[in-house]
**Q** 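Following this message is one structure expressed as structure tokens.
Atoms within a ligand are numbered from 1 in the order they appear, just like the ligands themselves.
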Amino acid sequence: MSLLEVDRINTLYGDSHILFDVSLRVEENEVVALLGRNGAGKTTTLLTLMGVLAPASGEIRLRGKPIQGMAPARIAGLGVQLVPEERAVFGGLTVEENLRVAALTAKDAWSLDKIYDVFPRLRERRKSSGRTLSGGEQQMLSIARALIRDARIILLDEPFEGLAPLIVRDLVDVTRRLVAEKRTVVIVEQNVAAALSFSDRVYGLNNGHVVYEGTPADLSGNTTLMHELLGVH
Ligand code: ATP
């Protein structure tokens with residue numbers, strides 16, 4: 001049994017059929033990348049995993065138990081957290097307040113000290129308000145807000161979007177720290193090279209269909225797939 005199993009889900013927005021029999025699996029402590037062109041259905045997959053969207057059919061199992069159709073808060077209570085593309089940071093609150101708010105309703109919240117040990121940069125910035133943080137720091141805080149709630153599975157939606165290469169490198173380090181903390185990561189990214197650099201396995205989505213499953217090494221060596229699937233030359 002895998003930690004997370006997605007079994008032939010179909011998700012629709014009204015009449016628009018977006019995901020077609022999407023199946024994937026995620027093992028404990030793995031980093032799984034979900035790649036594909038714009039509009040392929042990557043965000044829709046994460047939203048369906050999180051319970052924001054209910055699949056019309058198919059099953060999602062967490063540790064063998066079906067979770068599809070459950071409310072997002074309930075799925076969050078089972079240890080799944082989504083870090084959305086738009087970064088979940090309150091601009092008017094300090095870094096520390098942002099972390100405290102996130103920890104409020106968590107069953108087994110981490111201490112601030114423990115979080116700051118994983119994110120030393122946030123310790124330095126703890127008195128700064130969210131809106132004064134750089135894009136990379138906001139992304140870091142957004143991820144830290146998931147971790148302080150003791151999330152076991154962290155869903156990252158395009159964490160590197162709009163960030164300079166040096167900052168992307170910092171965030172790749174952050175993701176590695178999540179793995180060291182025994183977390184499991186599902187990442188959606190347009191920055192294919194960065195995503196492939198630290199993923200254990202990769203799924204390719206195209207027009208709502210899973211068209212590839214394999215290792216980063218296999219995908220990197222497959223120029224046709226890289227080009228057709230991801231638009232990478
Ligand atoms: P992107 O990188 O652009 O976010 P993606 O692979 O994450 O790409 P999705 O956001 O999952 O793609 O979108 C998949 C399809 O669903 C697209 O055709 C999109 O137009 C459509 N879609 C997304 N959100 C909605 C919505 N709220 N209502 C209707 N259709 C939507």
**Q** Do N29 and T184 pass the side chain to side chain donor-acceptor pair (under 3.5 Å) test, and can you show the C-alpha distance, the side-chain angles, and the key distance before you say yes or no?
**A** CA-CA 4 Å; N29 204 211; T184 302; 5.4 Å; no
**Q** Decide whether an N or O pair under 3.5 Å exists between T45 and ligand 1.
**A**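 No, no N or O pair falls under 3.5 Å.
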**Q** Within the side chain of R152, is there an N or O that forms a donor-acceptor pair under 3.5 Å with the backbone of V80?
**A** no
**Q** Among protein heavy atoms, which sits nearest to atom 18 (O) of ligand 1, and what does the distance come to when rounded to 0.1 Å?
**A** G39 O, 4.0 Å
**Q** Just need the protein heavy atom nearest to atom 9 (P) of ligand 1, so name the residue and atom and give the distance.
**A**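 Among all protein heavy atoms, the one nearest atom 9 (P) of ligand 1 is T44 OG1, 3.5 Å.
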**Q** Would you mind running through ligand 1 and noting each atom that sits below 4.0 Å from a heavy atom of R37?
**A** 6 (O)
**Q** Taking the side chain as every heavy atom from C-beta outward, state whether P159 and E189 have any atom pair closer than 4.5 Å.
**A**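 In contact.
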**Q** Can you check whether R125 reaches T132 side chain to side chain, under 4.5 Å on heavy atoms?
**A**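 Yes. Closest side-chain heavy atoms under 4.5 Å.
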**Q** Using non-hydrogen atoms of the residue, decide whether S16 is closer than 4.0 angstrom to ligand 1.
**A** no
**Q** As an exercise, identify every atom of ligand 1 less than 4.0 angstrom from a heavy atom of E158.
**A** 2 (O)
**Q** Determine whether any protein heavy atom is located less than 4.0 Å from atom 22 (N) of ligand 1.
**A**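 There is a protein heavy atom less than 4.0 Å from atom 22 (N) of ligand 1.
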**Q** Under 4.0 Å from any heavy atom of A40, which atoms of ligand 1 are there?
**A**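 Those of ligand 1 that fall under 4.0 Å from A40 are 5 (P), 6 (O), 12 (O).
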**Q** Is the shortest N/O to N/O distance between N38 and ligand 1 below 3.5 Å?
**A**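 Indeed, backbone or side chain, N38 has an N or O that close.
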**Q** Check the angle between the aromatic planes of F198 and F160 and answer parallel, tilted or perpendicular using the 30° and 60° thresholds.
**A** perpendicular
**Q** Identify the protein heavy atom lying closest to atom 10 (O) of ligand 1, giving its residue, its atom name and the separation to 0.1 Å.
**A** T43 CB, 3.6 Å
**Q** Do R61 and S2 have side-chain atoms, one donor and one acceptor, less than 3.5 Å apart?
**A** no
**Q** If you have a sec, work out which protein heavy atom is nearest atom 25 (C) of ligand 1 and how many Å separate them, to one decimal?
**A**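 Nearest protein contact, heavy atoms only, for atom 25 (C) of ligand 1 is Y13 CE1, 3.3 Å.
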**Q** Closer than 4.0 Å to some heavy atom of Q190 - which atoms of ligand 1 meet that?
**A**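 Listed by number with element: 2 (O).
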**Q** Between V192 and M226, is any pair of side-chain heavy atoms under 4.5 Å apart?
**A**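 When only atoms from C-beta onward are counted, M226 and V192 do touch, with a gap below 4.5 Å.
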**Q** Please check if the side chain of D7 supplies one atom and the backbone of E59 the other of a donor-acceptor pair under 3.5 Å.
**A** no
**Q** Ignoring hydrogens and angles, tell me if any N or O in the side chain of S199 forms a donor-acceptor pair with the backbone of V202 under 3.5 Å.
**A**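 Judged by distance alone, no pair lies under 3.5 Å.
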**Q** Distance under 4.0 Å to a non-hydrogen atom of I18: what atoms of ligand 1 satisfy this?
**A** 14 (C), 15 (C), 16 (O), 21 (C)
